[in-house]
Amino acid sequence: YFRVVYESLARSYQTVIADLEAVSGRKYGVLNIIGGGGRNRLLNRITARVTGKKVVAGPFEATSLGTIGAQLLFQGVAGNLTDIRRILSASAETSVFTA
């Protein structure tokens, strides 16, 4: 049952990605899955296969990291969004899946 659900989710992701690419006129090579859903390795592998995109799963505690990033910006520790991304990505675990 899980396999059917995961295949369905991955095909839904593919449909949305295709729609976004059509509307934006851009092609995206990477799909980022953040939050707890990114911990599902089987879903991530299926998603990479179905979409043909590299899947980067994580950070898994995205809400907390977003809050920390906002505080870093507010306190002047980070000057801009690029700084925040660099700081947080160095401290967050991610996994990569390819087709």
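Being a predicted model, the structure only gives us computed values, none of them experimental.
The shortest non-hydrogen separation linking A92 to L65 is CB-CD1, 3.9 Å. Of all non-hydrogen atoms in I84 and A78, the two that sit nearest each other are CG1-CB, 3.6 Å. Taking all atoms of both residues into account, the shortest heavy-atom contact from A48 to A99 is O-CB, 3.5 Å. Between N80 and T82, the closest heavy-atom pair is OD1-N, 3.0 Å.
Of the residues L72, V77, L73, the one that meets the side-chain contact (heavy atoms from CB on, under 4.5 Å) test with Q75 is V77.
Taken from NZ in K53 to CG in N32, the straight-line distance is 12.5 Å, to the nearest 0.5 Å. A distance of 11.5 Å separates CG of L81 from CZ of R86, quoted to the nearest 0.5 Å. Taking OH of Y6 as the start and OH of Y1 as the end, the distance is 15.0 Å to the nearest 0.5 Å. Here the straight-line distance linking atom CZ of R11 with atom OG1 of T51 works out to 11.0 Å at 0.5 Å rounding.
In this structure, the side chains of R41 and S95 come closer than 4.5 Å at one or more pairs of heavy atoms. Residues K54 and F97 have side chains not in contact (no heavy-atom distance under 4.5 Å, counting atoms from C-beta outward). Counting heavy atoms from C-beta on, the side chains of T94 and F60 never come closer than 4.5 Å. For the pair L88 and I68, the minimum side-chain heavy-atom distance is below 4.5 Å. Inter-residue side-chain proximity for N44 and I33 is flagged as met; some heavy-atom pair is nearer than 4.5 Å.
By the criterion of side-chain heavy atoms lying less than 4.5 angstrom apart, applied directly or through intervening Ile, Leu, Val, Met, Phe, Trp or Tyr residues, F2 is grouped together with L43 in one hydrophobic cluster. Residues V50 and L42 share a hydrophobic cluster, clusters being chains of Ile/Leu/Val/Met/Phe/Trp/Tyr side chains in contact below 4.5 Å. Criterion: ILVMFWY side-chain heavy atoms under 4.5 Å apart, direct or through other members. Under it, I46 and V5 are part of a common hydrophobic cluster.
In the displayed structure, I34 atom CD1 is contacted under 6.0 Å by at most 12 heavy atoms of other residues, nucleotides or ligands. In this structure, R85 places its CZ atom where only 12 or fewer heavy-atom neighbours from other residues, nucleotides or ligands lie under 6.0 Å away.
The backbone N or O of G35 lies less than 3.5 Å from no partner atom in the side chain of E61, so there is not a single donor-acceptor pair. The closest donor-acceptor contact from the side chain of S24 to the backbone of L20 lies under 3.5 Å.
R49 has a carboxylate O that lies under 4.0 Å from a charged side-chain N of E7, or vice versa, which qualifies the two as a salt bridge.
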For a side-chain contact (heavy atoms from CB on, under 4.5 Å) check, start with the C-alpha distance between L31 and V56, then their side-chain angles and the critical distance, and finish with the verdict. CA-CA 6 Å; L31 174 62; V56 177; over 6 Å; no

